[in-house]
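Here is the structure we will look at.
Proteins get letters first, then strands, A, B, ... in listed order; numbering begins at 1 in each. Keep in mind that what you see is a predicted model, and the values were worked out from it rather than measured.
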Number of protein chains: 2
Amino acid sequence: MITKLFIVDDHYMVIEGIHALLQNEKNIEWIGHAMNADSCLAFLQHQQPDIILMDISLPDTSGIDLCKMVKTKYPAIHIVALSTFNQQSFIKKMMENGASGYLLKNASTKEILDCIETTMKGKSYFSFEAAQTLRYHSDDEIILTLREKEVLMLIAEGLTNPEIGQRLFISTATVDSHRKNILTKFNVKNTAALIHAAVKKGFL
Amino acid sequence: MITKLFIVDDHYMVIEGIHALLQNEKNIEWIGHAMNADSCLAFLQHQQPDIILMDISLPDTSGIDLCKMVKTKYPAIHIVALSTFNQQSFIKKMMENGASGYLLKNASTKEILDCIETTMKGKSYFSFEAAQTLRYHSDDEIILTLREKEVLMLIAEGLTNPEIGQRLFISTATVDSHRKNILTKFNVKNTAALIHAAVKKGFL
DNA sequence: AATGGCATCCCCTAAAAAAGGGATTCATTT
DNA sequence: AAATGAATCCCTTTTTTAGGGGATGCCATT
């Protein structure tokens, strides 16, 4: 059986690279590529692949959002996230939005083929390193409420508690409460460590 | 005249991609590739290219350091930085270490060829977007002293001034001085904005 | 010999944050 | 109906910052 493959990535060299790596595979048909979310959606209106390799950082929409959009319109298509970043937050978000796998860009030909094969069987596939970070950081998952995210962003902008209160039309005491909860959730002692951790975990 | 090209990148698909994009160019000879700094240096002992396309994020040493090492041993080799990141700090550091150009990974074939040609003439080449950020952020350059960088890193780890003083064997007052100078240099009002800015500018 | 940059140290004050505690409303879920 | 979680507000105390001011050696460059 021949697998129809489509790729979405804004890096021309990556597209060409995967193309070159897979050109001798007879059971994989390369049906095209897109360099942004819009042209990907346009392509899908005329033709549907079995698998899409999708970069998570795209110029227009993020791969995370594109994944969701494609999956709701075409649930049969398997989507594999393609990324340089081995970040637990990205991996989780892609999987939540319906992706079937996560492939790092330093993957070998064998990994790519394994991934396509596994995904076509309806199973999930992770790059070795991606799987490792998922396991390693599995308990690090931090869930912030909407309000807490708002406060966190304003803290990062350098606003003080009174200023944040004014901005959100709540009292300084409330901001303080949120702040304490955020610090607890991140398990850090002060603002400096908080912002550092928040950036590394993809909140900012 | 034939240009001998070598590439250092830990992403197999990028290597294959550039290879594919340039395989029909008759005046470019592809003499090999390396996926880390060590094997690059090993290769150079036997053979020297005219141009090296070098990724700035490598598994062992950073491209920034590798660039310096190669340039001191083989000054004749032109080095072009290859990166996904369009960050002014990275660009500057590579140029300081002797790079002749900065190519973003979303470059087209034409851009790559232009870059190689320009570089061979002994001139500098920048991807359009890279040149833009260089111009745009030209006045944002922040220069920290060694001590200030140390203090900044410890702040980001969440240490307080007394703790930093203990760690660096200096008084709390000195830490405070450094801290004030850092805030001034970054032109921010508090720690939160400082850490946020420092991460975005590549200090952390 | 002088200038400027770096690192070091000190003083002061007021603002802000961290770290405890607790309490109320509201909506959703069980 | 009870429980849960989010968002709101309040209190106290101690520690830490921010923001002013200034001062001293040291080193390299001028």
Would you please confirm or rule out a distance under 4.0 Å between OP1 or OP2 of D/dA18 and any side-chain N or O of B/Thr191?
yes

Between C/dA16 and B/Asn190, is there an OP1 or OP2 to side-chain N/O distance shorter than 4.0 Å?
no

Length of the line joining A/Arg147:CZ and C/dC26:P, which is rounded to integer Å
16 Å

5′-ward residue of the pair B/Ala192/B/Ser177 relative to DNA chain D:
B/Ala192

Is A/Ser171 near enough to D/dC9 that one of its side-chain N or O atoms lies under 4.0 angstrom from OP1 or OP2?
yes

On DNA chain D, more 5' by nearest nucleotide between A/Asn181 and B/Asp176 is A/Asn181

Between D/dG19, D/dT17, D/dC9, spot the one nearest the side chain of B/Asn161, thanks.
D/dT17

Parallel under 30°, tilted from 30 to 60°, perpendicular over 60°: which one fits the rings of B/His33 and B/Tyr12?
perpendicular

Begin with the C-alpha distance, continue with both residues' side-chain angles, and end with the deciding distance and a verdict on side chain to side chain contact (heavy atoms under 4.5 Å, CB included) for B/Asn106 and A/Met35.
CA-CA 10 Å; B/Asn106 60 5; A/Met35 292 183 72; 5.6 Å; no

Closer than 4.0 Å, any side-chain N/O of B/Thr174 to the OP1 or OP2 of C/dC9?
yes

Any B/Thr172 side-chain nitrogen or oxygen under 4.0 Å from OP1 or OP2 of C/dC9:
no

Assess the side chains of B/Asn36 and B/Ser39: does a donor N or O sit below 3.5 Å from an acceptor N or O?
yes

So, applying side chain to side chain donor-acceptor pair (under 3.5 Å) with A/Arg179, which one of A/Thr174, A/Thr184, A/Thr191 is it?
A/Thr191

Below the 4.0 Å mark, does D/dG5 have OP1 or OP2 next to a side-chain nitrogen or oxygen of A/Thr145?
no

Can you check the B/Lys185 NZ to C/dG5 C1' distance for me, whole Å?
9 Å

Would you say A/His178 places a side-chain N or O within less than 4.0 Å of OP1 or OP2 belonging to D/dA7?
no

For the pair B/Phe186 and B/Phe203, name the ring-plane relationship: parallel under 30°, tilted 30 to 60°, perpendicular over 60°.
perpendicular

The answer to which of B/Glu148 and A/Pro162 contacts DNA chain C further toward the 5' end, by nearest nucleotide, is B/Glu148

Taking CG from A/Leu183 and P from C/dG20, how many angstroms apart are they, rounded to a whole number?
11 Å

Ignoring hydrogens and angles, answer whether the base of D/dG20 and the side-chain atoms of B/Lys180 contain a donor-acceptor pair closer than 3.5 Å.
yes

